[in-house]
Amino acid sequence: MNAIQYEGVYKRYPNFTLESLDFTVQEGQITGLIGPNGAGKSTLIRIAMGLVRPDAGKVHVLGHHMPDAQVLAKQEIGYVSEDLRLYGNATLQWHMDFISSIYSGWDAQRAQDLMKRFDIKAEQNLKGFSHGQRVKASILLVLARRPKLLIFDEPTTGLDPIARHEVVSEMMEVLLQEDRTILFSSQNTQDVEQVADRIGFIDSGHLLADEEKDTYLERWRRVHVTFPSEPHQIDFPNLVSASGSGRLRTLIFNPFSEELLSLLRDRVSVTQVETLSLEEIFRAEVTRFRQGVLV
Amino acid sequence: MNRFMIRKLVVKDWYFHRGIILTYLLAGLISLSLLFFAQSDALFYLGSILLFTVLIALGIHLAMSTVINERKEKTLPFILSLPITIQEYTSGKIVANMLIFLVPWFCLLSGTVFVVATKPGLPLGLIPFVVLLLGEILLGYCLILALALVSESEGWTIFGIVLTNIGFNLFLYYLFNASPMAGTAKNETLIIPPFAWLLAMAEGLAAVVLLGLTYRIQAQKTHFL
């Protein structure tokens with residue numbers, strides 16, 4: 001079953017257009033949405049939260065049509081975003097009391113456990129918290145009410161590397177203990193690679209990929225080859241990009257297969273075959289898209 | 001309408017602004033004391049200026065703090081992540097703001113009427129003027145609040161502040177010097193001229209129309225963050 005379902009969703013702003021796209025977040029999975037700044041990640045998420053009404057298309061979240069049924073849907077959504085702040089002149093305890101008075105599923109014991117784990121104090125005003133602590137406090141406020149769906153919109157943006165690692169690993173340690181549906185957007189591919197079951201790439205309002213992470217990573221390969229003589233043109237099936245100079249070249253393929261490897265070995269000397277990181281794949285996809293290959 | 005959540009938002013804004021309400025009430029009481037105990041025209045004038053300033057400043061402070069700062073300080077996404085619609089958020093803001101403003105406004109209006117009615121030497125004919133002037137400040141506050149909510153912009157809100165400030169001074173001049181009730185301020189007895197009723201109703205109607213329009217425009221917005 002789909003926790004979030006976008007069908008032909010289109011939104012136009014004066015300087016940005018989210019092109020008609022279909023995208024799903026499946027129940028029980030962690031879906032990572034990766035894209036550079038201004039790619040459309042936040043627009044996509046705000047549409048799911050009912051904060052932006054699309055110009056065309058349909059969006060269902062946990063079976064509720066958005067934005068019309070957003071009150072029902074948001075009862076079951078926990079939302080943390082990079083541009084979400086808590087009230088600086090109130091304590092974490094005030095925020096916990098406020099949230100617990102709204103959501104019946106608030107678990108006070110879990111809130112206490114999370115406070116210990118995140119090392120944050122209930123009596124302290126939020127303006128005395130570091131940015132990392134504020135992010136942890138926001139995460140605590142959603143996790144302690146056990147929502148069915150968690151939406152994290154670049155929660156680690158603006159954190160220093162140490163705080164980012166701390167937030168992601170602590171968040172995941174908590175989340176992996178439970179069966180949760182999560183949509184996690186980030187421009188940091190490492191965060192997503194670490195946690196996601198499924199990934200979506202987005203750039204300039206276009207969805208470039210939407211697949212199971214492991215299957216997707218498995219399809220890509222980087223192959224270092226030596227040509228018998230300097231090639232004027234490199235032409236192989238499924239070739240995404242080629243770099244290097246002279247006879248030595250590095251080729252990236254998607255999808256890669258044993259048959260393709262045999263074909264390569266017939267024509268060039270293959271020195272090494274490597275898998276790619278999600279970041280390398282993302283760069284290759286975006287570059288190819290921007291060069292017009294996917295248009 | 002999700003009354004439960006609207007009430008939560010109103011209580012939240014009241015909690016965060018309880019200090020402001022108290023501060024402006026105290027400043028208002030100081031201005032009323034000046035009006036009551038002033039033995040010279042200069043002190044009485046100072047008390048009047050302080051009274052108007054307190055109410056105008058309260059309106060500016062509230063619109064900036066509850067609407068503009070919520071956006072600037074990025075606490076708006078936190079509120080909108082709660083189970084509410086944009087219309088309910090707008091209702092919550094209008095109710096909270098009116099409540100927070102009307103409590104000190106009504107106290108100071110009552111206090112001012114009391115001062116005029118009980119201080120020897122002050123003509124009772126001033127009372128309709130006091131009510132209309134404070135009514136104009138309330139209307140100005142509604143305009144500032146409407147602009148803040150609809151435009152979501154500090155610039156437009158400041159424009160509204162400038163506009164209402166000029167409007168108040170023009171209204172003050174018009175009421176005492178050019179309106180059909182201009183000569184009645186020095187009446188020793190309280191007779192409310194028909195024109196005063198008309199103006200009071202116009203002020204009330206304009207405030208209701210402004211807030212109603214705000215609600216309507218907000219409901220038609222297709223994106224809110």
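A, B, ... follow the sequence lines: proteins, then strands. Residue 1 opens every chain. For clarity, every value in this text was computed on a predicted model and none was experimentally measured.
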Peer 1: Between B:Ser81 and A:Tyr79, what is the shortest heavy-atom contact and its length?
Peer 2: CB-CD2, 3.5 Å

Peer 1: Is B:Lys8 reaching over with its side chain to a backbone N or O of A:Ile102, donor-acceptor style, under 3.5 angstrom?
Peer 2: no

Peer 1: So with a 6.0 Å cut-off around CH2 of B:Trp156, is the heavy-atom count from everything else above 12?
Peer 2: no

Peer 1: Of all the heavy-atom pairs spanning B:Ile86 and A:Leu51, show the shortest one and how long it is.
Peer 2: CD1-O, 4.3 Å

Peer 1: Can you measure from NZ (A:Lys74) to CG (B:Leu82) and round to the nearest 0.5 angstrom?
Peer 2: 7.5 Å

Peer 1: Counting only heavy atoms closer than 4.5 Å, note whether A:Leu72 contacts chain B via side chain, backbone, both or neither.
Peer 2: neither

Peer 1: Quick one: does B:Ile79's side chain get under 4.5 Å of A:Tyr87's, heavy atoms only?
Peer 2: yes

Peer 1: Is it true that, when you exclude A:Tyr13 itself, more than 12 heavy atoms of the residues, nucleotides or ligands shown sit nearer than 6.0 Å to its OH?
Peer 2: yes

Peer 1: Please check if the number of heavy atoms outside A:Lys58 that lie under 6.0 Å from its NZ is greater than 12.
Peer 2: no

Peer 1: Are more than 12 heavy atoms, taken from residues, nucleotides or ligands other than A:Lys148, located less than 6.0 Å from that residue's NZ atom?
Peer 2: no

Peer 1: Within the structure provided, determine whether A:Ser138 and B:Phe78 are in side-chain contact (heavy-atom separation under 4.5 Å).
Peer 2: no

Peer 1: Among the options A:Ala73, A:Ser81, A:Ala90, A:Ser101, pick out the one with the most heavy-atom pairs lying under 4.5 Å from chain B.
Peer 2: A:Ser101

Peer 1: Count the heavy atoms belonging to other residues, nucleotides or ligands that lie under 6.0 Å from CZ of B:Phe106, then report whether that count exceeds 12.
Peer 2: no

Peer 1: Pair A:Leu84, B:Leu76 - check side-chain contact (heavy atoms from CB on, under 4.5 Å), show working.
Peer 2: CA-CA 7 Å; A:Leu84 179 152; B:Leu76 184 60; over 6 Å; no

Peer 1: Measure A:Leu141 against the heavy atoms of chain B and call it side chain, backbone, both or neither at under 4.5 Å.
Peer 2: side chain

Peer 1: In Å, rounded to the nearest 0.5 Å, how long is the span from CD of B:Gln220 to CZ of A:Arg53?
Peer 2: 11.0 Å

Peer 1: Using non-hydrogen atoms and a 4.5 Å limit, figure out which bit of A:Phe98 sits close to chain B: side chain, backbone, both or neither.
Peer 2: side chain

Peer 1: Would you say that more than 12 heavy atoms from the other residues, nucleotides or ligands in this model lie under 6.0 Å from the OH of B:Tyr174, or not?
Peer 2: yes

Peer 1: Atom CZ of residue position B:Phe114 - does it have more than 12 heavy atoms of other residues, nucleotides or ligands inside 6.0 Å?
Peer 2: no

Peer 1: The test is side-chain contact (heavy atoms from CB on, under 4.5 Å); show your working for A:Val71 and B:Thr85 and say whether it passes.
Peer 2: CA-CA 7 Å; A:Val71 171; B:Thr85 62; 3.7 Å; yes

